Amino acid sequence: MPPRILIAQDETDHGRITCDAFLDFIHQSSMRCSVVLPTGNTPLPFYAELRAHQGKIDFSFLQLDEYMGCAPHSETLFSKWIAREVLDPLHITDRFTFNSAADPSEEVARIRAHMSSFPTIDLVVLGIGQNGHIGLLEPGTDFNCAASLVEMAESTWDANCAYWGQDIPRSAVTLGFQELRKARQTFMLALGVSKAEALYRAFYGDVTPECPASYLQTMNNVTIIADRGALSLFPI
Ligand code: PGA
């Protein structure tokens with residue numbers, strides 16, 4: 001099934017369209033949905049829109065990825081970022097977050113065990129790296145991998161240092177393809193011409209571990225929500 005494509009005029013429009021699609025999905029379900037949400041700059045307009053729905057929406061949050069080796073209260077943690085942007089303002093209390101300060105192999109085992117209790121995940125929202133990564137599944141990752149301890153690619157690490165204006169750890173934990181493939185619905189968010197090549201390779205290139213996002217070609221119910229810059233190489 002080819003992906004649905006929603007085209008945004010600008011960042012604000014991207015936030016609005018993503019928020020509408022998210023709310024439509026959440027409200028279709030009579031049960032509380034399980035939702036994986038990403039960090040990064042791309043979803044920030046979406047989260048800004050979502051905050052206006054405080055008190056009217058609830059879901060179970062599942063973390064996508066996290067730096068390993070940060071102090072538990074470090075402001076640079078992805079879990080803190082997503083809490084500030086969405087979970088605290090919306091009063092979402094059901095959260096499965098990763099422990100950056102834990103022993104990495106024990107943490108990976110805990111994440112795998114928890115995620116294996118989900119036969120499906122209702123909605124997975126992803127961004128894309130310029131190198132085609134999703135979550136922190138970097139180029140070369142086996143499509144069969146479960147949640148894992150990973151080393152960030154150099155370009156990913158640089159981009160992550162830029163978020164904080166300081167060095168951050170190079171290792172991280174991320175959900176794997178085994179978890180992401182449980183999604184009943186996947187939203188791929190992309191903004192800006194800097195993502196155009198990665199987005200094109202993801203949906204028009206070979207399905208290859210060299211472009212982790214190309215895995216989404218094997219999945220049903222994928223919605224791309226992107227602006228014209230990110231879609232500039234698409235034949236549309
Ligand atoms: P960005 O990051 O939203 O800050 O561009 C996305 C990603 O690297 O997955």
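Counting convention: from 1, in listed order, for ligands and their atoms alike. This one's a predicted model, so the numbers in the text were calculated from it and none came from an experiment.
- With sequence neighbours excluded, no residue forms a side-chain hydrogen bond (donor to acceptor under 3.5 Å, both in side chains) with His73.
- No side-chain donor from either of Arg170 and Tyr67 sits under 3.5 Å from a side-chain acceptor of the other.
- The existence of a salt bridge linking Glu75 and Arg84 is confirmed by a sub-4.0 Å separation between a basic side-chain nitrogen and an acidic carboxylate oxygen.
- Residues Phe61 and Phe96 keep their aromatic ring centres 6.0 Å or farther apart.
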Expected rows: ligand 1 N/O, protein N/O, dist below 3.5 Å:
residue, atom, partner, partner atom, Å
ligand 1, 2 (O), Tyr163, OH, 3.1
ligand 1, 3 (O), Asn41, N, 3.2
ligand 1, 3 (O), Thr42, N, 2.9
ligand 1, 3 (O), Thr42, OG1, 2.5
ligand 1, 4 (O), Asn41, N, 2.8
ligand 1, 4 (O), Tyr163, OH, 2.6
ligand 1, 5 (O), Thr42, OG1, 3.4
ligand 1, 5 (O), Lys195, NZ, 2.6
ligand 1, 8 (O), His133, NE2, 2.7
ligand 1, 9 (O), His133, NE2, 3.1

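- For the pair Lys195 and Asp227, the salt-bridge criterion is not met [side-chain N within less than 4.0 Å of a carboxylate O].
- Ion pairing between a basic and an acidic side chain is recognised when a charged N comes within 4.0 Å of a carboxylate O; Arg112 and Glu179 show no such pairing.
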